[in-house]
Structure formats: structure tokens, C-alpha cells
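For ligands, and for the atoms within them, numbers begin at 1 and follow the listed sequence.
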Amino acid sequence: MIGNDYNLFWIETIRQLIEEEKLSQQEHDMWFRNMEFIQGDNESIILSVPSKFYHDQVVQRYLSLLEKKLGELTGSTLDITFEIRKNSSVEAITTVSETTKKPDTKTRTPELEPDVGRAPHLQLRQDYDFDGFVIGNNNSFAASAAQAIGSNPGGAYNPCLIYGGVGLGKTHLMQAIGNYIHYNLTDRKVVYITAETFINEFIHSIKSETQSHFKNKYRKVDVLLIDDIHDLQNKKETQEELFHTFNALYDAKKQLVFTCDRPPSELRNFTDRLKSRFERGLNVDLQPPNFETRYAILRKKMDSMHKAIPEDVLEYIARNITTNVRDLEASLTKMAAYADLVGKEITVEVAQQQLKNSFSANQSANITIDRVQRVVAEYFNVTPADLKGKKRTKQVTFPRQVAMYIIREITDFSTTEIGLEFGGRDHTTVMHSCQRIEDRMKGDPTLEPAAAELIRTIKENG
Ligand code: ADP
Ligand code: MG
């Protein structure tokens, strides 16, 4: 057989899977339309995918199905491998390069013809678009999902929940979805609202007896973006209302996107049925950016401000502001303002002087219990489920105590909240665990540095 025959086998594989309804048309459009056959021989066939995200999803969802069908058709066992081709027809994910010299920071989106003449969306910030969003280690999965939603709202990622700490880009990414649809799929009605406003409008609608107006407003949209849904904690009636809105839109295959400052499992005073709706779709998290990404973000922001700040100063800021992007931007703005006002050249010394206070103030935000559990579990070679589970062997009790201790040290969660996240343990257990670690530290000189290292990892994220 020659290479081309394998292309025919590939086409036939997909055709038969669709015919046998093992692959829906929607799935095909989502995952296979942008895949290209590259080459084949009697050992393997190679296909191109537009991004790592596609790659991981396709492998996870379809690889065994594809290999089986291809095996049936060719009568031999062929490996299917993928190459990530950034310039194929759909978007190309640009990850921040290893070298910090010139990271490419563009996020490319599918080739639709945007209606550039369209009036801006009233609820969305125009500068919150995909082009302005730098993709790095911390957010590439979330950004790819956002782009996929932008080009196919109501498709495979519905609902989508983006979660992460403050200032990590949740609102930016959510609004980028909205802006993208607003300009590219102009017949779709996009509504963006913060959970807080949603609550207030709902309460107002009850007081003024305009509930049906309220209902209609949110049930007649194609894309509903609700920001900061953690603000709905304790708001039972609004949650109830959102639950019904959710169902109506979901059933009509309308796109829902939410942001939250924690994973849904950590939401408190939330009805289970609404929480389970959030968990049903795609949950993606935004982590604090690493150095390369921070540096790339600064460069990008600097370019858009039309300011020249020396490379070594950018690097200095990127090294020292580690928590979130909002703080990073604030430091840059401060340096630019200083340069304008004082008319002096900005040097690393000036930056040191001016940003002193920001550096000390910017630790400890943004840390979820989930994050601590993951880092500690990895360090001790157990799983987060072990930490939350019932097992009481030494291999898990010690890491569990360390995790609780660290959460106590670097976050504001109460012992009750911590206990809940460790399989519903009592707050006295948490207090006792923290005490145990403190006691052990007195006798074991290696424990404190180990905890310090873990805390650095948790805060730094590489
Ligand atoms: P959150 O909603 O998570 O608190 P925001 O979306 O408000 O965070 O982001 C804070 C600021 O940081 C915004 O000005 C946003 O444009 C910027 N920002 C966050 N992440 C990125 C990124 N990856 N690339 C460029 N700017 C970013
Ligand atoms: Mg926000």
C-alpha cells in the first residue's frame, strides 16, 4: 500500500464511526474537522491537530475507538500518532517559549470573518479579547477551552466553569468569549452579568413584581456569562432562580459560562443540585503564572501602553510580583507613571525603590485548599483523595497533617472550613493536626524547611 491509501483508510474510519453513531456529527465537527492526515505506513498513521488541548482531548476520548476501527479496516494494528501543527486551519496555541527573549504572545482564533464595524457590546470591556490574553503554563487549557467555546457556543463545552484566585484572568477570559461571539457570530445574543448584579436584579424583580420580565431577560439569550458565582453562596432564592434559568438554557443548547474563585466542590451554602450543574460541564482552572508568563504579560502590556521600560526592569518586576496578573499590571502602571512624572529613566534601582511595598504585600492571596492538597499530595507521593479519605496509615496521616498545617499558615480558611475539605473532619481534628506538626517541628529540624519549600511551591507555581 502507498501512503495515500492510508489517508483513505482514515477517511473511511471516520465515516464508519459516524455511520455507526459512535461519533456524533457534533463531535466530528468539534474534534475531527480540523484534523489533517499527514502520512501513513504499515506501522502508524500521523495526523495533525491544532493544539495540545485538542491532542489531549482526542487521545482521551477517541484514541482507542479510532485504533480499533482502523485495525478492523486495515487488518493490522496501526498506531495513531498526532503532531501539533500550529498553523493549521483552526487556532494555534502559542505557549510562552522557554527562552524569555521574545515570547510570542498572540492567541489566534479560528478564521471567521469578524464584523469589525459592529458596535461594541455594552456589558463587555473591549480590551478583554483573546488577542490581549497571554497564554502560558498556567492558563493554556482554560484559554483553549475558551476559544473552542467562542467558535462553537453551545457545543461540546457546555456549561463551562472557569475557576481560580483573584486577578488571574477569569473575567478577561470570560469576556473574551463574549467579545469573540459578539463580533464573529453576530446573530447570537450575548449577556454578561456579575453574580452580584444578578442577585440585585432578582431581589428588585420580586419587590417590584416584575419577575416574569427578569425571567425572560435571562432565558432569551444564546450565551449567558455569569461572573463570580461564589457571590451566590448563602443566596438560596437566587440560586433557585439560576437553577431554572440554567436548565432552560441548557436544554435549548445555549452556552453557559461561569467564573468562580474556587472549585465548585469548595462552594459552601450552595444547593447541591445547582452545584452539580456546574460540575457537569467543563471545569477549568487558572493558576498563578510562572516567570516566563509573567514576563510575557508585562511585555504585552507595555507594548499596548506604548511605553518603553528597560528589559531588566521588566525582568525584575516579573521575578518579584508572583501572585497574580492584576498586581503585575499595577506595578507596571506605577513605573510608567513614575517615568512620566519624574521624567527620569527607569532603572532596576528605581523599581526597587518604588515597588518595595507591593512586594511584601502580595503574598498569600489566591490559595485554595485544593491547590495545597494537590501540591502536598504530589510531594509525598500520595493522592489528594488519600488526604481527604478515611485511611489512617502513617503514609497518609502525616501528609494530611502537613497539608492542614500549611493551609492554616498561609490562608484565612477557618478550621471548620478546612475540616470540611478533608472529608468532613471535625474542626478539633484540624487543630489537633496543626499542633502535631508544630510539636514535631521542635524535634525534627528537617520538617520546617520542607514545609517552607512546599509553601514556596504552592505560592510560586513553578
Ligand atoms: P479575575 O477576574 O480572575 O480576578 P481579571 O480577569 O480581572 O482577573 O484579570 C486581572 C487583570 O489581569 C486584567 O486587567 C486582565 O486583563 C489581566 N490579565 C489576567 N490574565 C492575563 C493574561 N493571561 N494575559 C494578559 N492579561 C491578563
Ligand atoms: Mg473577575
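- Short contacts between ligand 1 and G165, defined as distances under 4.0 Å to a heavy atom of the residue, involve ligand atoms 3 (O).
- Taking 4.0 Å as the cut-off between side-chain N and carboxylate O, R273 and E279 do not count as a salt-bridged pair.
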Salt bridge (Lys or Arg N to Asp or Glu O under 4.0 Å) evaluation trace for R374 with D370: CA-CA 6 Å; R374 274 190 281 164; D370 180 68; 2.9 Å; yes
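- Taking the ring axis of Y250 as reference, the NZ or CZ atom of R280 stays within 45° of it and closer than 6.0 Å to the ring centre.
- Among the atoms of G167, some N or O lies under 3.5 angstrom from an N or O of ligand 1.
- With a 4.5 Å cut-off on side-chain heavy atoms, R400 and S433 do not count as touching.
- Counting protein heavy atoms only, atom 8 (O) of ligand 1 is closest to G169 N, 3.0 Å.
- Within the 4.0 Å heavy-atom criterion, the part of N139 lying near ligand 1 is the side chain and not the backbone.
- Note: no N/O pair closer than 3.5 Å links V166 and ligand 1 by distance alone.
- Here's the thing with I297: none of its N/O atoms is less than 3.5 angstrom from an N/O atom of ligand 1.
- For F133 and Y128, the distance between ring centers is not under 6.0 angstrom.
- Distances between N or O atoms of V134 and those of ligand 1 include at least one value under 3.5 Å.
- When distances to the Mg ion (ligand 2) are checked against a cut-off of 2.8 Å, M174 contributes no N, O or S atom below that limit.
- Considering each of K170, H172, R294, the one bringing a non-hydrogen atom nearest atom 3 (O) of ligand 1 is K170.
- In terms of protein heavy atoms, atom 11 (C) of ligand 1 is closest to E329 OE1, 3.4 Å.
- Aromatic rings of Y218 and F214 (six-membered ring for Trp) have centroids within the 6.0 Å cut-off, being under it.
- Numbered from 1 in the order shown, with element, the atoms of ligand 1 that lie under 4.0 Å from a heavy atom of G132 read 24 (N), 25 (C), 26 (N).
- Scanning the protein for heavy atoms near atom 17 (C) of ligand 1, the closest one is V325 CG1, 3.4 Å.
- Closest to atom 26 (N) of ligand 1 by heavy atom, among R326, R125, K301, is K301.
- The distance between the ring centers of F258 and Y163 does not fall below 6.0 angstrom.
- Taking 4.0 Å as the cut-off between side-chain N and carboxylate O, D222 and K189 do not count as a salt-bridged pair.
- Heavy atoms only, all atoms of each residue included: V396 and V382 are closest at CG1-CG1, 4.2 Å.
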